[in-house]
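Notes follow the structure.
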Amino acid sequence: MSPLPEVAVQREEIAQIARTALQQSGASTAVADLLVDAALFAEDRGVRGVGVAHLLDYLHAIDAGRLDGNAIPRIEQLAPGFISCDARGGTFHTGFDAAFDELVAAARSLGVAVFVQSGAFAGGQLGWFTERLSTHGLVALGAINSNALLATAPGTGRVLGTNPMSYSFPRMEHQVMTVDQSSSAAAYVNVRDAAARGEQIPAGWAVDAAGEPTIDSKAALEGAMLPFGGYKGANIAWMVELLAGMSGANWSLDAPSFDSGSEHPGVGMFILALDVSKLRHDFVARADAHVDRLSALGVRPPGTSRVLPLSEIQVRTDVLDQLCARSGRSGGQP
């Protein structure tokens, strides 16, 4: 099948349409602003699976009751440099934003700080969280678990989440190097989108309901995702599961689905923030020079390059039609 048609929309226009759609569906102004900001962050970096189209997942979740678009997170300082948050059925973004200033202050005061969050919905692009910390000069490591979608190997069922992890390092001239990847060979939303388009998926992405490797995207949705790199990727998924579980959130096996049903997933987040200015050498300058040296040798730095904000966003017409309808715009497209 041919790809679904797309249309270019001015950045501020699609942002306004999306914000209004979220608010009309029951999200608070703060939640709408944060989700749209995260979606555009993903679009700027070419990670479109969790960009504007992913906002429909939040809208459908609010409709079904598995996401509280007005939830007010509860923040608690458990110990010096150890901050806990209960998202109370809301988004990770709201709790992180509410605790952000305290987290940065703790990292700068103590050299290191930890933020854990439980009771939340799916996180979208985890790099949005870690990179925000690195723009304040901090090294950041993040982990989020999800409802169980991942088999640790062919022949096993869904036992872990696709469990993304992200790290961000500050560079010179206000640049940031961010790596954001799932533990699965591909993001679940990519398989779901392929199934919607009637397309096959590459070998090694998933197994069917019987635990057999498959390239049939619809069969994969009935089965499970596979980890990248075999058991080594599964080990990363385990690490993320245990780090996110420090928050007291649901284990992946116990978490309701993020894209069906009426129960919120209640999954967790772990964020580690380090103030490297406390070290006795200029780590940021040294690391920046090291990255440049490797680049000069033909080594591609990891992660997706940080780019200037796109002036236009390419949006699938079906996604745009739904956002326009929910925002109260007549005639579908702007």
Side-chain angles (χ1 to χ4, degrees), residues 14-15 17-43 47-73 85-98 117-126 128-129 144-149 158 161-164 182 187-193 195-196 221 225 244 247 249-269 315-316 318-327:
I14 190 60
I17 292 169
R19 277 193 292 266
T20 303
L22 286 159
Q23 290 172 308
Q24 294 285 359
S25 298
S28 68
T29 299
V31 168
D33 287 344
L34 290 167
L35 292 181
V36 170
D37 185 72
L40 294 178
F41 175 98
E43 294 284 350
V47 190
R48 300 182 63 195
V50 286
V52 170
H54 188 48
L55 294 174
L56 295 182
D57 286 317
Y58 294 103
L59 289 167
H60 297 156
I62 292 172
D63 292 344
R66 56 182 178 271
L67 169 61
D68 182 351
N70 283 283
I72 299 175
C85 173
D86 180 355
R88 304 173 77 182
T91 68
F92 280 118
H93 307 74
T94 318
F96 179 77
D97 186 66
Q117 184 171 192
S118 62
F121 187 69
Q125 189 175 11
L126 183 53
W128 181 86
F129 300 88
I144 290 178
N145 73 328
S146 69
N147 58 289
L149 295 166
R158 297 179 173 187
T162 53
N163 289 8
S182 64
Y188 170 79
V189 291
N190 291 341
V191 176
R192 188 184 63 183
D193 289 347
L221 293 181
M225 304 294 295
S247 66
N250 282 335
W251 300 115
S252 293
L253 202 58
D254 302 319
S257 173
F258 82 93
D259 63 353
S260 64
S262 59
E263 296 182 79
H264 71 85
V267 288
M269 164 184 276
V315 185
R316 287 197 337 239
D318 63 314
V319 172
L320 183 57
D321 287 343
Q322 291 184 64
L323 291 175
C324 283
R326 284 176 171 268
S327 69

> For Ala18 and Leu55, which heavy atoms make the closest approach, and how far apart are they?
Replying inline: CB-CD1, 3.6 Å

>> Would Leu67 and Thr91 count as a side chain to side chain contact (heavy atoms under 4.5 Å, CB included) here? Give the steps.
In response: CA-CA 7 Å; Leu67 169 61; Thr91 68; 3.8 Å; yes

> From Asn163 CG over to Met225 CE, what is the distance, rounded to the nearest 0.5 angstrom?
Replying inline: 12.0 Å

> Between Ala71 and Gly89, what is the shortest heavy-atom contact and its length?
Replying inline: CB-C, 4.3 Å

>> Show, in sequence, the C-alpha distance, side-chain angles and deciding distance for Gln24 and Ser327, and conclude whether the side-chain hydrogen bond (donor to acceptor under 3.5 Å, both in side chains) test is met.
In response: CA-CA 6 Å; Gln24 294 285 359; Ser327 69; over 6 Å; no

>> Walk me through whether Phe92 and Val267 qualify under side chain to side chain contact (heavy atoms under 4.5 Å, CB included).
In response: CA-CA 9 Å; Phe92 280 118; Val267 288; 3.8 Å; yes

> About how many Å separate OG1 of Thr29 and CD of Gln23, when rounded to the nearest 0.5 Å?
Replying inline: 4.0 Å

> If we only count heavy atoms from C-beta on, is the Ile72 to Ser28 side-chain gap below 4.5 Å?
Replying inline: no

> Of all heavy-atom pairs between Ser247 and Ser118, which one has the smallest distance, and what is that distance?
Replying inline: O-CB, 3.6 Å

>> Show the nearest heavy-atom pair for residues Ala87 and Gly119, with the distance to one decimal.
In response: CB-O, 3.4 Å

>> Can you tell me how far apart CH2 (Trp128) and CG (Leu35) are? Round to the nearest 0.5 Å.
In response: 8.5 Å

> Any idea which heavy atoms bring Ile144 and Met269 closest together, and the distance?
Replying inline: CD1-CE, 3.6 Å

> Can you tell if the side chain of Asp63 reaches within under 4.5 Å of the side chain of Arg326, non-hydrogen atoms only?
Replying inline: yes

>> Check whether Ser146 reaches the backbone of Thr162 with its side chain - one donor and one acceptor, N or O, closer than 3.5 Å.
In response: yes

>> Minimum heavy-atom separation for Phe96 and Gln117, please, with both atom names.
In response: N-NE2, 3.8 Å

> Between His93 and Tyr58, how do the two ring planes meet: parallel, tilted or perpendicular, split at 30° and 60°?
Replying inline: perpendicular

> Atom SG of Cys324 and atom CD1 of Ile14: how far apart are they, to the nearest 0.5 Å?
Replying inline: 6.5 Å

> Do the side chain of Asn70 and the main chain of Gly26 share a donor and acceptor less than 3.5 angstrom apart?
Replying inline: yes

> Atom CZ of Phe41 and atom CD of Gln125: how far apart are they, to the nearest 0.5 Å?
Replying inline: 5.0 Å

>> Between Arg192 (side chain only) and Leu221 (backbone N and O only), is there a donor and an acceptor less than 3.5 Å apart?
In response: no

> Under the side chain to side chain contact (heavy atoms under 4.5 Å, CB included) criterion, do Phe121 and Ile62 qualify, and how do the steps go?
Replying inline: CA-CA 10 Å; Phe121 187 69; Ile62 292 172; over 6 Å; no

>> Measuring from atom OG of Ser252 to atom CZ of Arg158, what distance do you get when rounded to the nearest 0.5 angstrom?
In response: 12.0 Å

>> Could you go through Asp68 and His264, starting from their C-alpha distance and side-chain angles, then the distance that decides it, and tell me whether this counts as side chain to side chain contact (heavy atoms under 4.5 Å, CB included)?
In response: CA-CA 8 Å; Asp68 182 351; His264 71 85; over 6 Å; no

> Quick check: does any side chain N or O of Arg19 sit under 3.5 Å from a backbone N or O of Ala32, one acting as donor and the other as acceptor?
Replying inline: no

> Can you tell me if Asn145 uses its side chain to pair, donor with acceptor, with the backbone of Gly268 under 3.5 Å?
Replying inline: yes

> Is there a side-chain contact between Leu59 and Leu56, using heavy atoms and a 4.5 Å cut-off?
Replying inline: yes

> Do Arg48 and Asp193 meet the salt-bridge criterion of a basic N to acidic O distance under 4.0 Å?
Replying inline: no

